[in-house]
J.: 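Please find one structure pasted underneath; my questions will follow.
Quick note: numbers below take in every heavy atom, side chains included, and nothing from hydrogens, waters or symmetry partners. Lettering of chains follows the sequences in order, A, B, ..., and the numbering in each one begins at 1.
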Amino acid sequence: MSVHDEGPLLKVMGVTKYFGSRVGCRDVSFDLWPGEVLGIVGESGSGKTTLLSSLSGYLEPSTGTVKYWMGQEGLVDVGRLSDPQRRYLMRTEWGMVRQNPREGLRMRVSAGANVGERLMALGARHYGKIRSEVFKWLDRVEIDLGRVDDSPETFSGGMLQRLQIARNLVTKPRLVLMDEPTGGLDVSVQARLLDLMRSLVSELGLSLIIVTHDLAVVRLLAHRLLVMRNGEVVESGLTDQVLDDPHHAYTQLLVSSVIQP
Amino acid sequence: MIVIDSLRKSFFLHLQGGVTLSVLKKISLEVKAGECLALCGPSGSGKSTLVRLLYANYKARDGKILVRHQGQWVDMVKAELRKVLEIRKLTIGYVSQFLRVIPRIPALDVVMEPLQREGIAAHNARRHAEDMLTRLNIPQRLWGISPTTFSGGEQQRINIARSFIKPYPILLLDEPTAALDATNRRVVVELIQDAKERGAAIVGVFHDEEVRDAVSTCIFEMTFDGGQA
Ligand SMILES: Nc1ncnc2c1ncn2[C@@H]1O[C@H](COP(=O)(O)OP(=O)(O)OP(=O)(O)O)[C@@H](O)[C@H]1O
Ligand SMILES: [Mg+2]
């Protein structure tokens, strides 16, 4: 993996997604550079998840393009990749942390297998090496190593979310998309996750897009922020700028509805 | 190091029936290396607003805010967001009134972060952070604890430690001594003097007159109607 810091890792241009006549998201554009964290906030139903799914190729945008930097091939149109190419990209360079960890994990195999699988999909075969990598990541996300062979069914919500993060990061992706990763977790668990994500971003130099309705989370993690409403980006800028000096009526409402974001 | 030209700032408050607050009108000023400009004026005259504009925490309506960054003048009003982030990392340190940190991260790590972000080895960064915390009288038993539960004055000193640990060419200080006792106020005055001596350009709001008299090299009076006196 070559370090790439002369240009954006991801270029999103005019991405629009309709569901029939209903707008999922409209005309969203931004660049994401290596090592950058982009937050996306907005009320529920504002199109945040639709946008994420359209970026990852899980949904096909109605119009617009998503380009991703693929080393010597340059910026490649993600929509033009073949299915196997896209799946390979998803398994190697991209990670997707879902709001509901049960959707991002395989609940029928052990915790350790959930993490090891992604390595095996990349061709790792040496059992001992896989196992030690799995232990390293479980430890990193603070899951008791004694639970490695347990089924995720026996895990709490916070543990499931951390397991999902380990499963995604074990292959050292360059781009991670997260949908409400701290939703439904209690405050102390949230703090742990934030701490974890912050250190991973700085250690691995990964780029992160994080969708959340929690302004405190983006304040602490995101360099830049998009505010979405009814499928459109109504305001964007540096996170602290948008939160401290909001211009759009909707952003002012969002900010004023919470106590000191 | 800093040149502000005809800067204006107003706030449009959608939620209060669309009121426009015009806070700064045509502000112009200049700060050179080694100078400390103290912003003075009544409460609400826009001192913090001006400091925040310099950090690009607030967006200016029009005018120019030029800062010297890596040998070049950059206009903070027009700079790309990535440029602003780079300037904050390398050139401008800002002591705000709030400390915002991720819970669970120990005070020592919070303080050494600006050095680590620059790639300075952890053991060196840690040593500097320890010196800084010692100088600011933060008891050692607090170093390993997250500042989220610290007292107001302790949090303020963590903010100060974080901003003075690195020799930023420009420092912005918004009431850095507001919550401090006399001993710690003196430490902060010393830190500011040291920064001036090494050539930092400083813009600050100092409520405490003694502190202001001790550190400022010039005064900028701000008036209520958004102008400068
Ligand atoms: N984000 C904001 N949105 C709306 N109005 C703001 C905002 N920030 C500041 N103001 C307004 O701008 C004016 C100047 O405020 P500012 O905080 O700059 O004053 P100050 O001179 O620092 O006062 P003090 O001495 O009390 O700290 C005030 O009327 C304030 O309400
Ligand atoms: Mg003020």
J.: Run A/D245 and B/K9 through side chain to side chain contact (heavy atoms under 4.5 Å, CB included) and show every step you take.
T.: CA-CA 11 Å; A/D245 186 10; B/K9 176 64 186 169; 2.6 Å; yes
J.: Do other residues, nucleotides or ligands put more than 12 heavy atoms under 6.0 Å from B/E80 CD?
T.: no
J.: Given heavy-atom pairs under 4.5 angstrom as the criterion, report whether the side chain, backbone, both or neither of B/R117 touches chain A.
T.: neither
J.: For B/F12, which atoms come within 4.5 Å of any heavy atom of chain A: side chain, backbone, both, or neither?
T.: backbone
J.: Find the distance between NE2 (B/H14) and OG (A/S256) and round it off to the nearest 0.5 Å.
T.: 11.5 Å
J.: Counting only heavy atoms not in A/K67, do more than 12 fall under 6.0 Å of its NZ?
T.: no
J.: In sequence, state the C-alpha distance, the side-chain angles, and the governing distance for B/V84 and A/Q241, and then conclude on side chain to side chain contact (heavy atoms under 4.5 Å, CB included).
T.: CA-CA 11 Å; B/V84 173; A/Q241 253 179 14; 5.6 Å; no
J.: Could you walk me through whether A/R198 and B/I105 pass the side chain to side chain contact (heavy atoms under 4.5 Å, CB included) test, one step at a time?
T.: CA-CA 11 Å; A/R198 188 207 58 127; B/I105 298 179; 3.4 Å; yes
J.: Using non-hydrogen atoms and a 4.5 Å limit, figure out which bit of B/E113 sits close to chain A: side chain, backbone, both or neither.
T.: side chain
J.: Should B/R82 and A/D31 count as an ion pair when the cut-off is N to O under 4.0 Å?
T.: no
J.: Who passes salt bridge (charged side-chain N to carboxylate O under 4.0 Å, His left out) against A/E235, sequence neighbours left out?
T.: B/K59
J.: For A/H248, which atoms come within 4.5 Å of any heavy atom of chain B: side chain, backbone, both, or neither?
T.: backbone
J.: Considering only heavy atoms, which portion of B/L85 lies under 4.5 Å from any heavy atom of chain A: side chain, backbone, both, or neither?
T.: side chain
J.: For the OH atom of B/Y94 and the CG atom of A/D240, what is their distance to the nearest 0.5 Å?
T.: 9.0 Å
